[in-house]
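What follows is a set of notes on a single structure, which appears directly below.
Positions are given from 1 along the sequence. In what follows, every heavy atom counts, from backbone to side chain, and hydrogens, waters and symmetry copies are set aside. None of these values were measured; they are calculated from a predicted model.
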Amino acid sequence: MDKIIISDLKLFAHHGVNGDEKIYGQNFIIDAELYANLGTACESDDLNETVNYAKVVKTIRRVFTAEKYDLIERAAQVVCDAVLDEFERVEKIRLTLKKPEAPIKADFGYVAVCIERERA
């Protein structure tokens with residue numbers, strides 16, 4: 001299966017268990033791997049035969065920032081569901097959601113969840 005990669009998409013949202021996270025928000029970073037058969041697009045050079053990653057980014061941004069979730073697990077699931085619903089060529093998505101400003105008293109790069117979802 002071929003893959004389209006969206007790496008280090010920076011978004012600001014209001015996800016988290018702590019009240020301050022929902023009030024003030026924070027930065028998140030998303031990596032998405034979209035699995036699809038890109039053979040026809042490779043031959044035709046036609047945008048309509050592939051997954052338009054600019055539209056995928058718009059979907060991710062819209063869905064990720066529309067609600068406030070306690071868990072990044074839930075936010076990641078909602079994004080995966082939307083991509084699979086809106087882009088019929090995507091057979092599978094692997095999404096890593098990073099939370100570099102998590103309210104943890106430690107020196108760390110980020111905490112993250114990584115989930116994979118496939119079309120039923």
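Within a 6.0 Å radius of CG in Asp46, more than 12 heavy atoms belonging to other residues, nucleotides or ligands are found. Around NZ of Lys68, the count of heavy atoms belonging to other residues, nucleotides or ligands within 6.0 Å exceeds 12.
The structure places CG of Leu84 at 8.5 Å from CD of Glu91, a figure rounded to the nearest 0.5 Å. Taking CG from Leu97 and CD1 from Ile72, the interatomic distance works out to 5.0 Å, rounded to the nearest 0.5 Å. Rounding to the nearest 0.5 Å gives a distance of 11.5 Å between NZ of Lys92 and CG of Leu34. Atom CG of Asn48 sits about 12.0 Å away from atom OG1 of Thr40, to the nearest 0.5 Å. Note that the OG1 atom of Thr50 and the CZ atom of Arg89 stand 7.5 Å from one another [nearest 0.5 Å].
With sequence neighbours left out, Tyr110 forms a ring pair (Phe, Tyr, Trp, His ring centres under 6.0 Å) with no residue at all. Listed by chain and residue number, nothing satisfies the ring pair (Phe, Tyr, Trp, His ring centres under 6.0 Å) test with Phe87 (two or more places apart in sequence, or in another chain).
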**Item:** Residues Asn37, Asp2; criterion side-chain contact (heavy atoms from CB on, under 4.5 Å); working and verdict
**Value:** CA-CA 6 Å; Asn37 183 339; Asp2 304 313; 3.9 Å; yes

### Query
Stepwise, does the salt bridge (Lys or Arg N to Asp or Glu O under 4.0 Å) test hold for Glu86 with Arg62?
CA-CA 12 Å; Glu86 295 181 24; Arg62 175 179 46 82; 2.6 Å; yes

- Report the C-alpha distance between Val56 and Val90 in whole Å, list the side-chain angles of each, state the deciding distance to 0.1 Å, and finish with yes or no for side-chain contact (heavy atoms from CB on, under 4.5 Å). CA-CA 10 Å; Val56 173; Val90 175; 5.6 Å; no

**Prompt:** side-chain contact (heavy atoms from CB on, under 4.5 Å) between Leu38 and Ile4: does it pass, once the steps are laid out?
**Reply:** CA-CA 9 Å; Leu38 304 177; Ile4 293 173; 3.9 Å; yes

- [ ] Show the numbers, then the answer: is there a side-chain contact (heavy atoms from CB on, under 4.5 Å) between Phe28 and Phe12?
- [x] CA-CA 6 Å; Phe28 294 87; Phe12 187 86; over 6 Å; no

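The side-chain heavy atoms of Val113 and Thr96, taken from C-beta on, include no pair separated by under 4.5 Å. Looking at heavy atoms from C-beta onward, Gln77 lies in side-chain contact with Ile115 at the 4.5 angstrom threshold. Put simply, the side chain of Ile30 reaches to within 4.5 Å of the side chain of Leu11, judged on heavy atoms.
Linking ILVMFWY side-chain heavy atoms closer than 4.5 Å, directly or via other members, places Ile29 and Ile60 in two distinct hydrophobic clusters. One hydrophobic cluster holds both Phe64 and Tyr69 under the rule that ILVMFWY side chains link at heavy-atom gaps under 4.5 Å.
Pairs passing the side-chain hydrogen bond (donor to acceptor under 3.5 Å, both in side chains) check and including a residue from residues 10-22, sequence neighbours excluded, read Glu21-Gln26, Glu21-Lys99, Lys22-Asp70. Within the structure, salt bridge (Lys or Arg N to Asp or Glu O under 4.0 Å) contacts touching residues 27-37 (residues at least two apart or in different chains) are Lys3-Glu33, Asp31-Lys98, Glu33-Arg94. Counting only residues at least two apart or in different chains, ring-ring contact (aromatic ring centres under 6.0 Å, His included) contacts with residues 29-56 are absent.
In the hydrophobic clustering (ILVMFWY side chains linked at under 4.5 Å, chained through shared members), Val111 is joined by Ile104, Phe108.
Using a distance-only test at 3.5 Å, with no hydrogens or angles considered, a donor-acceptor pair links the side chain of Thr59 to the main chain of Lys55.
Residues Ser44 and Glu49 bring no donor and acceptor atom of their side chains to less than 3.5 Å of each other.
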